[in-house]
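Beneath this line is the structure, given in structure tokens, with notes to follow.
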Amino acid sequence: ILYLVSCILYLVSPISYPSSYYLCSMLKTTLIKAAEAGAKQIKHYFNGAFSISHKEGMNNLVTEADHAAEKAIIDVIRQEYPDHFILSEETGELKTESEFKWIIDPIDGTVNFSNGIPLCCVSIALEKNGEMLLGCVYNPLMDEFYFAQKGMGAFLNDKKITVSNKTEVIKSCLVTGFPYTYLDAPNGPLQVFEKLVRRGVPVRRLGSAAIDLCWVAAGRFDGFYEHNLQAWDSAAGFLMVEEAGGKVTDFKGNPYSPYQPHLLATNGNIHDELRSIINGAAF
Ligand code: IPD
Ligand code: CA
Ligand code: CA
């Protein structure tokens with residue numbers, strides 16, 4: 001019966017009925033094309049010659065490759081969807097009235113990239129009316145393409161991924177990141193790091209928040225936290241973790257928003273314990 005109803009709806013209204021399905025698959029095609037265009041620039045410049053300039057903070061870099069990757073990504077999106085809102089790290093906002101917003105980090109892990117460390121990626125998310133719909137994180141140097149779609153799961157190179165099942169912080173393997181400018185605050189990045197490391201918890205620092213989040217989604221890490229992120233660092237990775245069965249909040253436990261700096265992403269089991277440690281609880 002359902003099949004018959006779908007066929008009738010399709011015949012009666014071929015534009016509106018299947019439109020959301022087709023729109024989503026068209027958006028996905030554009031997302032993948034844009035990520036591949038950006039990744040091509042990463043591969044082109046990696047270990048080669050490129051100019052480097054400094055943003056705020058001595059080691060907060062931007063290279064010729066960041067700009068080239070960003071242009072390639074935006075060109076693809078603009079060609080297909082000229083009226084969509086774009087928020088991209090180096091360009092800022094290309095504002096429109098659209099319900100769709102593309103959130104782009106052309107190279108996440110620029111310091112790694114500029115040192116020839118193959119831990120960097122293109123990160124692109126698509127938000128619709130404030131809800132994250134699609135996300136992809138592509139590290140072409142490790143051939144790892146992560147993709148997530150709201151309600152449809154998270155994938156690494158087309159294979160479904162899920163978060164780990166550890167239940168205690170003391171037995172977990174964590175990852176974090178540090179801001180380019182020293183953040184001196186109670187329960188700041190170094191205090192939290194020290195507390196965990198003093199108890200012997202392995203806490204890695206990869207240098208790419210988007211990859212950190214994907215590695216939580218893939219179960220390689222049990223949790224990730226960072227004190228000062230931007231929307232482009234976390235938007236795609238957030239969807240990856242959520243769709244892989246994990247949990248993402250701010251440090252107060254509020255639902256994830258790309259527009260606030262604190263981020264805690266875990267397999268879900270260790271979330272409350274790690275959150276209380278980050279907020280100053282004894283450990
Ligand atoms: C940085 C990376 C790093 C994180 C920084 C980010 P960038 O992004 O994600 O892991 O610790 O907070 O700014 O500058 O390489 O795009
Ligand atoms: Ca970034
Ligand atoms: Ca960047």
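When a ligand or atom number is given, it counts from 1 through the structure's own listing order. This chain uses plain numbering: 1 for the first residue, then up along the sequence.
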- D105: numbered ligand 1 atoms lying under 4.0 Å from its heavy atoms: 16 (O)
- Query: Does an N or O anywhere in D108 fall below 3.5 Å from an N or O of ligand 1?
  - Reply: yes
- Salt-bridged, K55 to E90, with N to O below 4.0 Å? yes
- Does some side-chain heavy atom of L87 sit less than 4.5 Å from a side-chain heavy atom of W102? no
- Using a distance-only test with no angle check, is there a side-chain donor-acceptor pair under 3.5 angstrom linking T63 and D66? yes
- Message: Strictly by side-chain hydrogen bond (donor to acceptor under 3.5 Å, both in side chains), give each pair with a member in residues 185-196 just once, sequence neighbours left out.
- Response: E194-R198
- Query: What residue and atom, counting heavy atoms only, is the protein's closest point to atom 5 (C) of ligand 1, and at what distance?
  - Reply: E226 OE2, 3.6 Å
- Item | Side chains of N139 and E144, donor plus acceptor under 3.5 Å | no
- Note on the structure: Taking only non-hydrogen atoms of I107 and a 4.0 Å limit, the atoms of ligand 1 in range are 16 (O)
- Protein-side N, O or S atoms sitting under 3.0 Å from the Ca ion (ligand 3) are E89 OE1, D105 OD1, I107 O
- Query: Does some non-hydrogen atom of S208 fall short of 4.0 Å from ligand 1?
  - Reply: yes
- Note on the structure: For E89, the ligand 1 atoms with a heavy-atom partner under 4.0 Å come out as 16 (O)
- Message: Y45: which residues meet the ring-ring contact (aromatic ring centres under 6.0 Å, His included) condition with it, sequence neighbours left out?
- Response: none
- Query: Which atoms of ligand 1 are found less than 4.0 Å from any heavy atom of F178?
  - Reply: 11 (O)
- What protein heavy atom sits nearest atom 6 (C) of ligand 1, and how far away is it? D233 OD1, 3.8 Å
- Would S164 and D222 count as having a side-chain donor-acceptor pair, cut-off 3.5 Å? yes
- Task: List the closest protein heavy-atom neighbour of atom 13 (O) of ligand 1: residue, atom name, distance to the nearest 0.1 Å.
- Result: Y180 CE1, 3.5 Å
- Message: Counting only heavy atoms closer than 4.0 Å, does ligand 1 sit against the backbone of R205, its side chain, both, or neither?
- Response: side chain
- Using the six-membered ring wherever Trp is involved, compare the ring planes of H84 and Y81 and label them parallel, tilted or perpendicular (cut-offs 30° and 60°). parallel
- Report the nearest protein non-hydrogen atom to atom 15 (O) of ligand 1: residue, atom name, distance rounded to 0.1 Å. G109 N, 2.7 Å
- Item | Residue that, paired with F113, satisfies side chain to side chain contact (heavy atoms under 4.5 Å, CB included) out of P118, S208, C120 | C120
- Message: Between ligand 1 and A209, is the shortest N or O to N or O distance under 3.5 Å?
- Response: yes
- Message: With heavy-atom distances below 4.0 Å as the criterion, list the atoms of ligand 1 near G207.
- Response: 2 (C), 3 (C), 10 (O)
- Message: Here's one to test your reading of the geometry: is the NZ or CZ of K28 within 45 degrees of the ring axis of F147 and under 6.0 Å from its centre?
- Response: yes
- Could an N or O of ligand 1 be found under 3.5 Å from any N or O of G177, whether backbone or side chain? no
- Task: Could you list the residues that satisfy ring-ring contact (aromatic ring centres under 6.0 Å, His included) with Y138, not counting sequence neighbours?
- Result: F145
- Note on the structure: So the atoms of ligand 1 within less than 4.0 Å of a heavy atom of L229 turn out to be 12 (O)
- CD1 on I74 to CD1 on I104, rounded to 0.5 Å: 4.5 Å
- Message: Quiz question: by atom type and distance under 3.5 Å, do the side chains of S123 and D108 form a donor-acceptor pair?
- Response: no
